[in-house]
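Notes for the one structure printed next.
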Amino acid sequence: MQQVFKSFGLALVGSMHPKMLWLSLRPFMIVSVFWGALIWLTWTPALELLSTFLTASIFTGWIADGLIWAGFESARAWIAPLFFVMLLIPLISISLLVFIALTTVPTIVKVVTRQYAYKDIAKKKGGSLFGSFVYTLWSALICLALVILTLPVWWIPPLVAVLPPLLWGWLTMRLMSYDVLALHATAEERDTLLHQHRWPLVAMGIISGVLGAVPTFFWATSVLALVLFPIVSFVALWIYSLIFVFAALWFTHYLLEALKELRSNELNQSLNIEARVIDTELPNHG
């Protein structure tokens, strides 16, 4: 755990560097433009379609009826925008994390490996750009499926503080672990590190998920966020981006140090075996 805290401190300091702030701003701007244009083009027809579905479907019609019965007479006016925002939040968050994993994490790894502590780590290229794309896409689809399955219970008070951090943490751990090691570790080394350090990595992913869930909680529970959705969403999206860049730095420092330790242990073990072989052969030659 000492290395977890050490890596956390290095990542926290590193994330304040102007280059890292720019690396958090760049994906935020690109994803914001994409989703801003998409929301602007689909907002009205999507709300009409969703409103019809929520009121006419036998599976969801009870929601509006239950809210009206509970005293929320204007529920039919705002229930469709609320559900649309609820659907957009995980989609935007996952797309941002995937974009950062594919385009920003390799740059962060290059920046970190220029530091003196990691300059001697050999590049064994156990991963590839295509492998990263497939792994990222598959992980994102799994996470999206879990989000869709669990979304109806996100707003139950105990679960809203548990499910988003777990989901974002799991996805962050998978994406960061693969992309950080893709250039420098072999596939066997990557599997060994993920097995040996699975619990620290899980803890790091969950902590990153908790940090990422803070804007999600505000985004999803604030009336102001619903009224000013475009403005609030852009602010929350930049916070997401900054947190994901911090997570990338954290995983990079931790896993590169773990890779150094793994190779050092393997080298020492190999030297010990050679020394034993020589010791056993010397009496025979004598």
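Heavy-atom minimum distance, L255 versus M176: CD1-O, 4.5 Å. Nearest heavy atom pair, residue F251 against residue S208, reads CE1-OG, 4.2 Å. When all heavy atoms are compared, the tightest approach of L242 to L21 is CD1-CD2, 3.9 Å. The shortest non-hydrogen separation linking H253 to S7 is C-OG, 3.8 Å. A101 and D179 make their closest contact through O-OD2, 3.0 Å (heavy atoms, listed as atom of the first residue, atom of the second, distance).
A search for salt bridge (Lys or Arg N to Asp or Glu O under 4.0 Å) contacts involving R263 returns E189, not counting sequence neighbours. Scanning for ring-ring contact (aromatic ring centres under 6.0 Å, His included) contacts around F8 gives F246, W250, with sequence neighbours left out.
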Query raised in the report: When you look at L175 and L102, which way does the side-chain contact (heavy atoms from CB on, under 4.5 Å) test go after all the steps?
Result: CA-CA 9 Å; L175 299 188; L102 290 174; over 6 Å; no
Report task. Apply side-chain contact (heavy atoms from CB on, under 4.5 Å) to L96 and W35, showing your working. Result -> CA-CA 10 Å; L96 177 63; W35 279 104; over 6 Å; no
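Atoms CG and CG, from L166 and L146 in turn, are 10.5 Å apart once rounded to the nearest 0.5 Å. Note: F99 CZ to S241 OG = 9.5 Å, rounded to the nearest 0.5 Å. Atom OG of S24 sits about 8.0 Å away from atom CD1 of I100, to the nearest 0.5 Å. Note: R174 CZ to L201 CG = 12.5 Å, rounded to the nearest 0.5 Å. A distance of 5.0 Å separates CD1 in I39 from CG in L88, rounded to the nearest 0.5 Å. Distance check, rounded to the nearest 0.5 Å: CG of L193 to CD of E261 gives 9.5 Å.
Side-chain contact between Y254 and H197 is present, with at least one heavy-atom pair separated by less than 4.5 Å. Proximity of S139 to Y178: side-chain heavy atoms (C-beta onward) are nowhere separated by under 4.5 Å. Between V147 and L167, the closest side-chain pair of non-hydrogen atoms falls below 4.5 Å. Contact check for K124 versus R190: no side-chain heavy atoms found under the 4.5 Å cut-off. Counting heavy atoms from C-beta on, the side chains of I94 and W168 come closer than 4.5 Å. Counting heavy atoms from C-beta on, the side chains of T252 and T113 never come closer than 4.5 Å. Residues L10 and L249 form no side-chain contact, since every pair of their non-hydrogen atoms from C-beta on lies 4.5 Å or further apart. The shortest distance between side-chain heavy atoms of Y118 and L259 does not fall below 4.5 Å.
Hydrophobic clustering, with ILVMFWY side chains joined whenever heavy atoms are under 4.5 angstrom apart, groups W138 together with L171. Under the 4.5 Å side-chain contact rule for hydrophobic residues, Y135 and V109 do not share a cluster. Grouping the Ile, Leu, Val, Met, Phe, Trp and Tyr side chains by contacts below 4.5 angstrom, directly or via other members, places W40 apart from I30. Cluster membership for I92 and L141, using ILVMFWY side-chain heavy atoms within less than 4.5 angstrom, is shared. A continuous path of ILVMFWY side-chain contacts below 4.5 Å connects W22 to M20, so both sit in one hydrophobic cluster.
In this structure a side-chain-to-backbone donor-acceptor pair under 3.5 Å is present from R198 to H195. A donor-acceptor pair under 3.5 Å is absent between the side-chain atoms of S264 and the main chain of K260, judged by distance alone.
Among T136, V180, L23, the one residue that satisfies the side chain to side chain contact (heavy atoms under 4.5 Å, CB included) test with V105 is V180.
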